[in-house]
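This report refers to the structure that appears directly beneath it.
The chains referred to below are lettered A, B, ... by the order of the sequence lines, with proteins before strands, and numbering in each begins at 1.
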Amino acid sequence: MVDALPMEHGLVLAAAMFALGLAGVLTRRNALFMMMGAEIMMNSAALAFVVGGARWAVADGQVMFVLVLTLQAAEACVGLALVIQLYRRFRSLDVDAASTMRG
Amino acid sequence: MLTVAFYSASAVALVSTVMVVVNTNPVHALLYLVVSLLAVATVCFTLGAPFAGALEIIIYAGAIMVLFVFVVMTLNLGEKTVVQERQWMTGRRFVGPMLLSAVLLAELIVILWPAGELTPAGAQTITPKMVGIALYGPYLLIVELASMLLLGGLVAAYHLGRHQE
């Protein structure tokens with residue numbers, strides 16, 4: 001393959017997506033939207049791994065991508081279970097509703 | 001051709017991610033998130049990482065996002081949530097976090113931007129075979145740790161998702 005893409009542009013894309021996910025987590029009060037922001041952030045980190053692996057033409061970047069994907073799956077399971085519990089107890093997805101935990 | 005695909009997919013990813021962050025309807029936000037993931041998968045394909053792109057579509061867009069959609073359906077979030085989100089999303093609340101994120105992004109871009117010429121990436125395709133050999137060779141211990149992590153996630157999700165009297 002003759003034309004290769006610039007690594008910096010891929011990394012800037014990952015950085016921009018990370019900043020957007022961070023803004024989403026910081027601005028939202030709905031637990032579901034906060035989880036979506038966290039997913040965006042982790043996805044951008046995984047993309048940065050792939051870009052790094054492509055830069056050095058090694059498989060390690062994609063190995064780390066697979067592991068980040070595993071982490072995301074586990075995080076989504078636990079997070080969504082927490083969201084369901086939150087809704088069941090407070091009838092709302094407002095994370096401020098859970099500011100008073102009793103035991 | 002590859003360059004066009006890369007930059008257009010990047011633009012789609014950024015626009016759909018912005019739509020996820022500013023959307024008020026949970027289902028619409030989830031669908032935009034799926035579009036964003038598909039765009040990232042396209043970026044992976046153009047960077048010569050077909051295995052990562054396929055996994056992104058199959059596991060992420062296919063499995064994890066379906067889990068999110070199921071949860072949204074279970075919670076039965078309707079018009080009420082949209083109205084509530086509209087009330088919460090005032091401009092004043094947006095300024096601070098957006099400003100902080102923009103500063104962090106600017107710092108990252110300044111650090112990442114090269115002084116000289118751009119570094120080429122993705123000139124060589126990394127095949128799934130190479131990834132598999134690396135995964136089950138030097139990284140075998142991490143694969144075991146990932147399986148333990150998934151087991152922990154399963155147990156925690158079961159415990160948290162139980163009905164409590």
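- Closest heavy-atom contact between B/T46 and A/L5: O-CD1, 3.6 Å.
- You'll find the side chain of A/Q72 reaches within 4.5 Å of the side chain of A/L69, heavy atoms only.
- Here the CD-CD1 distance, from B/E144 to B/I142, works out to 11.5 Å after rounding to the nearest 0.5 Å.
- Nearest heavy atoms, A/A81 versus B/A157: CB-O, 3.8 Å.
- Contact of A/E39 with chain B is made through backbone and side chain together, with heavy-atom distances under 4.5 Å.
- Residues A/L20 and B/S101 fail the side-chain proximity criterion, which asks for heavy atoms closer than 4.5 Å.
- Only the side chain of B/L104 comes within less than 4.5 Å of a heavy atom in chain A; its backbone stays farther off.
- Counting heavy-atom pairs under 4.5 Å between each of B/F70, B/F6, B/Y60 and chain A puts B/Y60 at the top.
- Side-chain atoms of B/L105 and A/M17, non-hydrogen and from C-beta on, never get closer than 4.5 Å to each other.
- Considering only heavy atoms from C-beta on, B/V27 stays 4.5 Å or farther from B/V69 through its side chain.
- Taking 4.5 Å as the heavy-atom cut-off, the residues of residues 133-141 of chain B that approach chain A are B/A134, B/L135, B/Y139, ordered by number.
- B/V131 touches chain A through backbone and side chain together, each having a heavy atom under 4.5 Å away.
- When B/L75, B/L154, B/L149 are compared by the number of non-hydrogen pairs under 4.5 Å with chain A, B/L75 comes out ahead.
- In this structure, chain A has no heavy atom under 4.5 Å from any part of B/S16.
- Your options are B/Q84, B/E56, B/E117, and the one with the most heavy-atom pairs under 4.5 Å with chain A is B/E56.
- The distance from atom CD1 of A/I40 to atom CE of A/M35, rounded to the nearest 0.5 Å, is 11.5 Å.
- Between the side chain of B/T42 and the backbone N or O of B/L38 there is at least one donor-acceptor pair closer than 3.5 Å.
- Using a 4.5 Å cut-off on side-chain heavy atoms (C-beta onward), A/E8 and B/L112 make no contact.
- Of the residues considered (B/V22, B/L14, B/V18), B/L14 shows the highest number of contacts with chain A, using heavy-atom pairs under 4.5 Å.
- Options A/G61, A/A16, A/S44, A/A46 differ in how many heavy-atom pairs under 4.5 Å they form with chain B, and the most are formed by A/A16.
- When heavy atoms are compared at a cutoff of 4.5 Å, B/L33 approaches chain A solely by way of its side chain, counted from C-beta outward.
- B/V155 does not touch chain A: none of its heavy atoms, backbone or side chain, sits under 4.5 Å away.
- The candidate from B/A49, B/G132, B/A13, B/G153 with the greatest count of non-hydrogen atom pairs under 4.5 Å with chain A is B/A49.
- Looking only at heavy-atom pairs under 4.5 Å with chain B, the residue among A/A23, A/G37, A/A76 that has the most is A/A23.
- Contacts between A/V51 and chain B at a heavy-atom distance below 4.5 Å involve backbone atoms as well as side-chain atoms.
- For chain B, the nearby part of A/L67 is the side chain; its heavy atoms alone come within less than 4.5 Å.
- The heavy-atom pair separating B/A39 from B/V12 by the smallest distance is CB-CG1, 3.9 Å.
- A heavy-atom distance below 4.5 Å is found between the side chains of A/V83 and A/L93.
- Counting only heavy atoms from C-beta outward, the side chains of B/I57 and B/F45 approach each other to under 4.5 Å.
- Within the structure, side-chain hydrogen bond (donor to acceptor under 3.5 Å, both in side chains) pairs that include any residue of residues 9-33 of chain A comprise A/H9-B/Y7, A/R28-B/E85, A/R29-A/D94, A/R29-A/D96, A/N30-B/E85 (at least two apart or interchain).
- In terms of heavy atoms, A/M42 sits closest to A/V68 at O-CG1, 3.8 Å.
- In terms of heavy-atom pairs under 4.5 angstrom with chain B, the leader among A/L82, A/D60, A/I84 is A/D60.
- Only the side chain of B/L108 comes within contact range of chain A, judged by heavy atoms closer than 4.5 Å.
- Contacts of B/V43 with chain A are made by side-chain atoms alone, with heavy-atom separations under 4.5 Å and no backbone atom involved.
- Both the backbone and the side chain of A/L22 come within contact range of chain B, with heavy atoms under 4.5 Å apart.
- The greatest number of non-hydrogen atom pairs below 4.5 Å with chain A, out of B/T127, B/L30, B/L100, B/T74, is found for B/L30.
- Between B/L37 and B/M65 the shortest side-chain heavy-atom distance falls below 4.5 Å.
- In this structure, chain A has a heavy atom under 4.5 Å from the side chain of B/I64, while its backbone stays farther away.
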